[in-house]
A.B. asks: 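Dropping the structure in here first, questions after.
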Amino acid sequence: MEATEHKNFIEQIIDSHNESGRFQKRVHTRFPPEPNGYLHIGHAKSICLNFGLAQKYNGKCNLRFDDTNPETEDVEYVESIRNDVRWLGFQWDGEFFASDYFDQLYQWAEQLIMKGKAYVDDQSAEQIAATRGTPTVPGKESPFRNRSVEENLDLFRRMKAGEFEEGSRVLRAKIDMSSPNMHMRDPVLYRIKKARHHRTGDRWCIYPMYDFAHGLCDSIEGITHSICTLEFEVHRPLYDWLIEQLGIYHPQQIEFARLNLSYTVMSKRKLLELVEGKYVNSWDDPRLPTISGLRRRGYTPAAIRHFADKIGVAKRDNIIDVALLEFCIREDLNKIAPRTMAVLRPLKVVITNYPEGQTEEVSALINPEMPQLGSRLVPFGREIYIEQDDFMENPPKGYFRLTPGGEVRLKYAYIIRCEEVIKDAAGNITELRCIYFPESKSGSDTSGKKVKGTIHWVAAHEAASAEVRLYDRLFTIPDLSDIPEGKDWKDFINPHSLEVIPDAKIEKNMLQASIGSIWQFERLGYFCTDPDTNKSNKLVFNRTVTLKDTWAKAH
RNA sequence: UGACCGAUGGUGUAACUGGCAACACGUUUGAUUUUGGUUCAAAAGAGUCCUGGUUCGAGCCCAGGUCGGUCAACCA
């Protein structure tokens, strides 16, 4: 567990509740998604917060689906949300649906009517909108606002019975049309929707609005701390009003600032636009900040949890540098990812003094961070591939890989010297002729040679081939909430966010790599096998993140 | 010309509730290294949005500003 000495403002509130005894030292949170889309890393922040608080205070955390709008919701999303929460490493105490409470909610609505605190409004949606006023101008009361309790009850029951057309009537709270808080201007509580609900089927044709249902559901579940994002701050007076009118258990709502990540977008609307507009390939496209995208990209639950822990919780708007997320995944993967060698852009090297037809196997550490894991055998021979980047004909100062006449170590093998550069008619370098120093073999080096650089390689005679997908940030600017005038946020999509290497050379050991397994390609970064590996009958790797490269950064 | 919320290094979060502004990421430098990775060591970088007040003492309290965010779906 992390050594978190500093308490965030929510923990401080909980502590004060525990001192005052407001909730009898009980802590019961909940994660309340609507099953109408996929979870993203912003949700992960909320999940880690809610479940984390429950763990820290020996409390409970529910998973509740706020499924009050049958038109947009589906069981498919319920499944994917469950799956993502579980994958993140959390197990909820109770699993509930707002729709479980439809009967209770309906009873409460009638109760409000009987108290004279709610009425059926015959106005159209347009009329209601038009008479709501603006933040600075009070709204106008509906002509139906003062119907009798009997009439309201009758009308509401007939709404429930399906006697009226969709959109013809709604149930509204009777609060204050001139309230400075727009949400208190007689908000809609129930609307008619003759839609089939994914759980209650055709049992209902009226459905509660989120604002009516949400706080009441928390109350039903005995939630102590209803944690939500900042935009619901102005809704709180309404939730409190409802609870007060009904005289029921009162949870404490606490709002925090949602996560924003640099170089990406987090809103459901924009994510949907990226997927539907084919800017990315799917909801689990590894470039997306969706949980499924991050998973496919090779992010681990531990790294995401650690990230959520490090970013903290507060109320001010924030935009977290993706570099922090990348730090978290590198930190995790460095410890656990087995190493292998892969050459993305191969340059053939012929070792002229290595006997033709001869091969051998060299020993390579599985993970230098964990030597106890032992080593693997890697084939070596007269012809190998090295990275094109690891040779320069005219190197800048400070370059210490291979150059004409220069020497480097082939990792876990020998030191070589470049003797000759072969080019095609166009002047492109096609091959290098090198010599090796037999006495410089790794582990038994008696050559006395000192080289500055060590490069990775793959033996040509036993190289496997793989497709490698190199991902980069999805956008070219860090802050997508700050778009210059006349521009659209989609104008800043990074055209190079995906580069496909169709034929990389990798250690043949990798043919056995299982789907989703995570590797470090020495000197290149962390990669995981993509599910497409199955389909295409060829190895496909996704680059999770590069290794830090202080040389490349400066050049 | 409304209500609510917020403002601390480049980024994010702290500061025992009034006592020398700290930690992490990022950046830079050095050491180690058969990954220009890791690890280790160090440095630079804010005087806490502004103005005034209370106080021996203010990032924390008070007053007034400024700037930013949120709110006007029969969405959540």
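Letters go in sequence order (proteins before strands), and every chain restarts at 1.
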A.B. asks: Please encode protein proximity along nucleotides 23-34 of chain B as a string of B, S and -, counting only heavy-atom distances under 4.0 Å.
C.D. replies: -SS-S------B

A.B. asks: Taking ring-ring contact (aromatic ring centres under 6.0 Å, His included) as the test, write out the residues that go with A/Tyr207, two or more places apart.
C.D. replies: A/Phe102, A/His197

A.B. asks: Counting heavy atoms from C-beta on, name the nucleotide in B/rG36, B/rG37, B/rA14 closest to the side chain of A/Phe400.
C.D. replies: B/rG36

A.B. asks: Could you identify which residues of residues 252-268 of chain A place a heavy atom less than 4.0 Å from some atom of RNA chain B, listed by residue number, or say none?
C.D. replies: none

A.B. asks: Indicate for each nucleotide in nucleotides 41-46 of chain B, in 5' to 3' sequence, whether protein heavy atoms under 4.0 Å reach the base (B), only the sugar-phosphate (S), or nothing (-).
C.D. replies: ------

A.B. asks: Is A/Ile227 close to A/Ser46 at the side-chain level, that is, under 4.5 Å between some pair of heavy atoms?
C.D. replies: no

A.B. asks: Using the C1' atom in both, what is the distance from B/rA44 to B/rC61, to the nearest Å?
C.D. replies: 34 Å

A.B. asks: Between B/rC49 and B/rC56, how far apart are the C1' atoms? Round to whole Å, please.
C.D. replies: 27 Å

A.B. asks: Syn or anti: how is B/rU17 classified when any glycosidic angle within 90° of 0 counts as syn?
C.D. replies: syn

A.B. asks: How does RNA chain B look in dot-bracket form if you count Watson-Crick and G-U pairs under 3.5 Å, write [ ] for pairs that cross, and put | where a base pairs with another strand?
C.D. replies: .((((((..((((.....[..)))).(((((.......))))).....(((((..]....))))))))))).....

A.B. asks: On a whole-Å scale, what distance lies between the C1' atoms belonging to B/rA76 and B/rU70?
C.D. replies: 15 Å

A.B. asks: What nucleotide, of B/rC74, B/rU35, B/rG12, holds the atom closest to the side chain of A/Arg191?
C.D. replies: B/rC74

A.B. asks: Distances for protein N/O vs nucleotides 69-73 of chain B N/O pairs under 3.5 angstrom?
C.D. replies:
residue	atom	partner	partner atom	Å
B/rG69	O4'	A/Asp317	OD2	3.2
B/rG69	O2'	A/Asp317	OD2	3.4
B/rC71	O2'	A/His183	NE2	2.9

A.B. asks: How far, in whole Å, is B/rU51 from B/rA15 if one measures between their P atoms?
C.D. replies: 25 Å

A.B. asks: Counting side-chain heavy atoms from C-beta on, which of B/rG2, B/rC74, B/rA7 comes nearest to A/Thr136?
C.D. replies: B/rG2

